[in-house]
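What follows is a single structure, written as structure tokens, with notes after it.
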Amino acid sequence: MTRRIDDAIGMGRTELAQTEPASAATSWHTAVERAVQQMRENLSDPQYLTDHARAGLFSPFHFHRVFRNVTAATPGRFLAALRIAEAQRLLIRSPLRVTDIAARVGYSSLSTFTTQFARLVGLSPRQFRAMAIEFGDRPLAALAARAPAAPSGHDEVPVLVDGADDGILFVGLFHHGIPQGAPVSCAVRSTPGPVRLRRPRDGEYHVLAVCFDPDVRIAESLDHRHDCRVVAAGSITVPGGRPCHLRLRRPRPTDPPVVLALPLLG
DNA sequence: CCATTCCGGAATGTACCTTT
DNA sequence: AAAGGTACATTCCGGAATGG
């Protein structure tokens with residue numbers, strides 16, 4: 001049986017990616033990295049779980065599990081994130097129509113593309129392009145300066161992020177391990193110290209932090225070409241529990257791209 | 001004309017269980 | 001412990017309808 005894996009994003013793992021591969025899992029990592037490379041090089045083609053699994057000498061069932069352990073995303077959702085990320089770049093940097101971009105990144109159905117894009121990014125393709133054109137040239141730092149004052153007292157959730165003192169830091173709370181759609185709560189800041197998020201209703205949330213150089217413009221932060229971005233991920237329980245403490249690191253090839261338009265949604 | 005939304009059929013993801 | 005397999009609920013694809 002041949003299985004298509006081009007579906008949408010939205011996994012259910014605690015972290016964006018495992019911190020380090022276990023020593024026994026080195027071959028897993030190699031197989032997954034090879035599969036990710038294949039996905040990146042063949043975005044516009046139909047891709048099948050069984051082909052990636054066979055290339056790594058795994059059964060489709062086991063490959064699916066291994067892939068998720070390494071990347072924290074399922075193969076299909078990882079591929080969808082890659083495709084939407086490329087679509088974002090084309091929407092910003094090319095004059096192509098949405099219809100043509102959908103085909104170019106591997107969607108045979110425009111409706112599927114539009115639906116996926118809106119759910120993952122938080123804006124429809126046309127809205128995304130319009131906002132990128134309108135705000136793209138503005139520096140990200142301006143967003144940080146415009147951000148509302150941090151709440152205080154019992155209505156806040158503090159998040160500590162190491163290594164972000166000299167950058168523009170976005171932090172969001174999400175229901176799922178991969179960020180999609182509007183965050184439950186989010187904040188942007190450009191000064192050292194903890195980030196204070198508006199407290200959501202009680203529950204367990206996943207935290208994503210993305211940091212950019214202070215001189216980056218909004219469009220550059222959205223088109224997946226800026227190589228200075230760093231990420232961190234974790235989880236937090238509301239109420240109580242320990243404060244969320246994250247450490248920024250460089251993105252790895254096996255990290256799913258962050259396609260959520262946080263700078264435009266904030 | 002281009003983009004978005006709706007909806008039914010089909011593929012996928014997940015939670016187990018079994019085998020090696 | 002790692003790998004393979006199954007069942008079934010969930011999610012997605014893509015054509016049709018609708019909107020701007």
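Order of the sequence lines sets the chain letters (A, B, ...), proteins ahead of strands, with each chain counted from 1.
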In whole angstroms, the gap separating P of dA3(B) from CD of Gln127(A) amounts to 13 Å
Residues which pass side chain to side chain contact (heavy atoms under 4.5 Å, CB included) with Ala87(A), listed by chain and number, not counting sequence neighbours: Ile101(A), Val105(A), Phe113(A), Phe117(A)
Salt bridge Arg89(A)-Glu86(A), side-chain N to carboxylate O under 4.0 Å: yes
Thr99(A) side chain N/O closer than 4.0 Å to the phosphate oxygens (OP1, OP2) of dC2(B)? no
Donor-acceptor check, side chain of Thr114(A) to backbone of Ser111(A), threshold 3.5 angstrom: yes or no? no
Write down the distance between CD1 (Ile84(A)) and P (dC12(C)), rounded to a whole number of angstrom. 11 Å
Sidechain-backbone polar pair: Arg129(A) side chain, Leu91(A) backbone, donor-acceptor under 3.5 Å: yes
Can you figure out which of dT4(B), dA3(B), dT14(B) approaches the side chain of Arg77(A) most closely? dT14(B)
Atom CZ of Arg119(A) and atom P of dC12(C): how far apart are they, to the nearest Å? 4 Å
What's the CZ-C1' distance between Phe128(A) and dA3(B), to the nearest Å? 17 Å
According to a strict under-4.0 Å criterion, is Gln116(A) in side-chain N/O contact with OP1 or OP2 of dC13(C)? yes
Taking atom P of dG14(C) as reference, at what distance in whole Å does atom CZ of Phe113(A) sit? 14 Å
Examine distances only and state if a side-chain atom of Ser185(A) and a backbone atom of Leu197(A) form a donor-acceptor pair shorter than 3.5 Å. no
Tell me yes or no: between the side chains of Glu41(A) and Gln37(A), is some donor less than 3.5 Å from an acceptor? yes
For each nucleotide in nucleotides 15-20 of chain C, reading 5' to 3', give B when a protein heavy atom comes within less than 4.0 Å of its base, S when such contact involves only the sugar-phosphate, and - otherwise. B-----
